[in-house]
Structure formats: C-alpha cells, structure tokens
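Below is one structure, written out as structure tokens, with a few remarks after it.
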Amino acid sequence: MDDCLFCKISRKEIPAKLVYSDDEIFAFEDIQPQSPSHILICPRKHLPSLAEASPEDAGLLGRMQLIAAKLATERNLNDGYRTVINNGSGAGQSVFHLHLHLLGGRAFRWPPG
Ligand code: AMP
Ligand code: ZN
C-alpha cells in the first residue's frame, strides 16, 4: 500500500522508534503517547482493520498479543497494562493499517471513554 503511513514505517520510508521487528510484525513508540509506555504493534501485511482479518490471520493476531505481553514484561509494566484495537472511526481508529496499542505505566479506568 503506497500511501499507508504504517506500511511506510514498515518499509523504513518514515522514521519511527522501533522496539520490535521480525518478518511478520514490527512495533514502535506511538508519536503521541497516551500513557508513559505506548507502543503500536503492527503486522507487516496491510490489513485496514480487524474487520478485514480472516481465519488465516489467527496466528498473526495471536502473535501480536504475545509480543505485547513480552514488551510489557521487558518494560516492567507489573501493575497492569492494556492492549487495545480500535476498529473503525467510531471506535477512534485514525490509521487504517491494523495495529494493537500497548498502553502502560499509569492506572486505567473502565469502561474506556
Ligand atoms: P488509532 O487511533 O487507533 O488508529 O491509532 C493510531 C495511532 O497512531 C495514534 O495513537 C497516533 O498517535 C499514532 N501515530 C500516528 N502517526 C504516527 C507516526 N508517524 N509514528 C508513530 N505513531 C503514530
Ligand atoms: Zn498499511
């Protein structure tokens, strides 16, 4: 996807603070963090949102969550952390390349706003 922001980060055409990278998945610091720790975990494959994922993406989605857990452990987010996928503009999605937010380092309320 030529014009997709996160595809451009994946191809290193736009800089980002990478914290994890493999053949399928990459993760980087959110440019506008909503908590002391705020990381975005993305598949290299361009999926606009969770709604476009199919059963063949089950392993990929699972690995994204496991990478979030690993990064949370590395960052000592022992008091709790949150993983979030905003799906669709009504849920706050603003970049239409699937990504999992990892938020930590402060207390979170429930329900989310
Ligand atoms: P969402 O609103 O769920 O689609 O999340 C998109 C996230 O991408 C927001 O938290 C933005 O702050 C973040 N973001 C947008 N542009 C960049 C960028 N160039 N580098 C890092 N994070 C970004
Ligand atoms: Zn993309």
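Indexing begins at 1, ligand by ligand and atom by atom, following the structure's order. This chain uses plain numbering: 1 for the first residue, then up along the sequence. Computed from a predicted model, the values in this text were never measured in an experiment.
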Query raised in the report: Any sub-3.5 Å donor-acceptor pair from Asp22's side-chain atoms to Ile25's backbone N or O?
Result: yes
Query - Residue, atom name and distance, where the atom is the protein heavy atom closest to atom 14 (N) of ligand 1 - result: Ile31 CG2, 3.8 Å
Query raised in the report: Heavy atom of Val95 under 4.0 Å from ligand 1?
Result: yes
Requested in this report: For atom 5 (O) of ligand 1, find the nearest protein heavy atom and state the residue, atom name and distance (0.1 Å precision).
Outcome: His99 NE2, 2.9 Å
Query raised in the report: For residues Ser10 and Arg44, is any side-chain donor paired with an opposing acceptor at under 3.5 Å?
Result: yes
Requested in this report: May I ask you to identify, for Leu5, whether its side chain, its backbone, both or neither come under 4.0 Å of ligand 1 on a heavy-atom basis?
Outcome: side chain
Query raised in the report: With a 4.0 Å cut-off on heavy atoms, is Ala16 touching ligand 1?
Result: no
**Report entry** Nearest neighbour in protein (non-hydrogen) for atom 4 (O) of ligand 1
**Finding:** Ser94 N, 2.7 Å
Requested in this report: Could you check which of Glu29, His101, His38 puts a non-hydrogen atom nearest to atom 3 (O) of ligand 1?
Outcome: His101
Query raised in the report: What do you reckon, are the aromatic ring centroids of Phe96 and Phe6 less than 6.0 Å apart?
Result: no
Query - Within-shell test, Phe96 vs ligand 1, heavy atom, strictly < 4.0 Å - result: no
**Report entry** Short N/O/S contact of His46 with the Zn ion (ligand 2) (below 2.8 Å)
**Finding:** yes
Query raised in the report: Hey, would you say the His101 and His99 ring centroids sit under 6.0 Å apart?
Result: yes
Query raised in the report: Is it the side chain, the backbone, both or neither of Phe28 that has a heavy atom closer than 4.0 Å to ligand 1?
Result: side chain
Query - Check: Gly88 main-chain N/O paired with Gln93 side-chain donor or acceptor under 3.5 Å - result: yes
Query raised in the report: Can you name the N, O or S atom of His97 that is closest to the Zn ion (ligand 2)?
Result: ND1
Report task. Using modelled atom types only, decide if a donor and an acceptor are shared between the side chain of Asn76 and the backbone of Asn78 within a distance under 3.5 Å. Result -> no
Query - Any Gln34 heavy atom less than 4.0 Å to ligand 1 - result: no
Report summary line: protein heavy-atom neighbour closest to atom 11 (C) of ligand 1 works out as Asp30 OD1, 3.4 Å
